[in-house]
Amino acid sequence: MKGPLGEFLRARRELVCADQVGMTAGDRRRTPGLRRDEVAMLAQVSVDYYIRLEQGRERHPSDQVLDALAQALRLEPEATEHLHRLAHAQARKRGPVDQVDPNLLRLVQGWDHTPAFIVNRRCDVLARNSLSEAVCGWLEHSDNLLRMIFLNPASQELLQTHWEQEASSHVAHLHAMAGADYDDPFLVELVEELSLVSGHFRRMWARHDVRARSRETVRVHHPDVGELTLRFEGFSANSTPGQSLVIGHTDPGSPSADALAQLGRLTLNRS
């Protein structure tokens, strides 16, 4: 039975084209990407050993083997680190990551000129200020960023042509945040829920892209103020490991800055 390491290797192998590594694709290639024997050759390990890795029968590869596999699979640094975490996974003590520190909560709720919110590793939104609520908190399923994107058709109207990019970026972020902790029951429940309902999610999750979101530009079409470009910065909450503070801002003097200020006034009038 394949474990997370084997699933990751298989997914990433299927994304590498033969010509990317100087091989001839040929006419009899039945599966996408590289074959197992080709990865083994590139990483300079035996075919049997690589097959055992993918099948979950070999669980303790050396760092040298992992680095060779990362090079063979053309992994970026973040994905390479993810590969090492999967291979050296240890049981994690899961603490109460859903309780927001009161001081951090007051800080977020006190901001009235920028959207701000707090999320955990599963992208659950634990707290948000009124401007963040005005940007997208009114959407159904906004308690979790991935549920909001994949379970609510209105998110496609909000993100429009950028929906695919945002969706795949959030899935890659979830992979990065999950690390090797794929047996987290809450993560398992979330992935099963999204996989059951959304073919888009199943496709993106199966790619095993790994990329944490720390700085992103998000473009939305808001029903009240129109086009809005927000630059989001994510910060680790040192007081509560596993949580992140995310703050959005606009370029000074831009149409988006005017739109965000207008949205803030509308929010204040409605309160």
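The model shown is predicted, which means the values in this text are computed figures rather than measured ones.
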Are [X] and [Y] joined in one hydrophobic group, where the rule is that I, L, V, M, F, W and Y side chains link up if heavy atoms are under 4.5 Å apart?
{"X": "L9", "Y": "L15", "value": "no"}
{"X": "M204", "Y": "V188", "value": "no"}
{"X": "V197", "Y": "L139", "value": "yes"}
{"X": "F232", "Y": "V220", "value": "yes"}

Apart from F186 itself, members of its ILVMFWY cluster (side-chain separation under 4.5 Å) are none
Value rounded to 0.5 Å, distance of [atom1] in [X] from [atom2] in [Y]:
{"X": "T217", "Y": "L230", "atom1": "OG1", "atom2": "CG", "result": "9.0 Å"}
{"X": "R85", "Y": "L5", "atom1": "CZ", "atom2": "CG", "result": "13.0 Å"}
{"X": "H141", "Y": "L194", "atom1": "NE2", "atom2": "CG", "result": "10.0 Å"}
{"X": "L69", "Y": "L53", "atom1": "CG", "atom2": "CG", "result": "6.5 Å"}
{"X": "I118", "Y": "Q109", "atom1": "CD1", "atom2": "CD", "result": "8.5 Å"}
{"X": "L131", "Y": "H113", "atom1": "CG", "atom2": "NE2", "result": "9.5 Å"}

When you measure from the side chain of [X] to the backbone of [Y], do you find a donor-acceptor pair of N or O atoms at a distance under 3.5 Å?
{"X": "E38", "Y": "R35", "answer": "yes"}
{"X": "S169", "Y": "Q165", "answer": "no"}
{"X": "S142", "Y": "W138", "answer": "no"}
{"X": "D124", "Y": "L126", "answer": "no"}
{"X": "S132", "Y": "R128", "answer": "no"}
{"X": "H222", "Y": "A134", "answer": "yes"}
{"X": "R202", "Y": "S195", "answer": "yes"}
{"X": "R211", "Y": "H173", "answer": "no"}
{"X": "H170", "Y": "E166", "answer": "yes"}

When you compare the side chain of [Y] with that of [X], does any pair of heavy atoms fall below 4.5 Å?
{"X": "N120", "Y": "D98", "result": "yes"}
{"X": "D67", "Y": "T80", "result": "yes"}
{"X": "V218", "Y": "R213", "result": "yes"}
{"X": "R74", "Y": "R12", "result": "no"}
{"X": "V191", "Y": "L187", "result": "yes"}
{"X": "Q99", "Y": "T240", "result": "no"}
{"X": "N144", "Y": "L190", "result": "yes"}

Problem - Evaluation steps, side chain to side chain contact (heavy atoms under 4.5 Å, CB included), between L260 and L228 - result: CA-CA 7 Å; L260 188 62; L228 188 59; 4.2 Å; yes
Check the orientation of W205 and F201. Use parallel for under 30°, tilted for 30 to 60°, and perpendicular for over 60°. parallel
Practice problem: Would you check, one step at a time, whether the test side chain to side chain contact (heavy atoms under 4.5 Å, CB included) holds for C136 with L158? | Solution: CA-CA 8 Å; C136 64; L158 186 74; 4.1 Å; yes
Residues 149-163 vs side-chain hydrogen bond (donor to acceptor under 3.5 Å, both in side chains), sequence neighbours excluded, gives S155-W163
Residue pairs meeting side-chain hydrogen bond (donor to acceptor under 3.5 Å, both in side chains), one or both in residues 256-266, sequence neighbours left out, come to none
For residues 243-252, the salt bridge (charged side-chain N to carboxylate O under 4.0 Å, His left out) pairs (sequence neighbours left out) are R231-D251
Note: R219 and L159 closest approach over all heavy atoms is O-CD2, 3.9 Å
Closest non-hydrogen atoms of L34 and R13, given as atom of the first, atom of the second and distance, are O-NH1, 2.8 Å
Do T229 and T250 pass the side chain to side chain contact (heavy atoms under 4.5 Å, CB included) test, and can you show the C-alpha distance, the side-chain angles, and the key distance before you say yes or no?
CA-CA 7 Å; T229 298; T250 57; over 6 Å; no
Residue set satisfying side-chain contact (heavy atoms from CB on, under 4.5 Å) with T114, at least two apart, ordered chain then number -> W111, I247
Check for me whether the distance between the ring centres of H200 and F150 falls short of 6.0 Å. no
Checklist line | Residues E164 and R203 bridged, charged N to O under 4.0 Å | finding: yes
Under 3.5 Å, which donor-acceptor pairs link side chains of residues 39-52 to any protein atom two or more places apart or in another chain?
unit_1	atom_1	unit_2	atom_2	d
S46	OG	Y49	N	3.0
D48	OD2	R52	NE	3.0
Y50	OH	E54	OE2	2.6
R52	NH1	E58	OE1	3.4

Does a sphere of radius 6.0 Å around CD in E76 hold more than 12 heavy atoms from other residues, nucleotides or ligands, not counting ones at 6.0 Å or beyond?
no
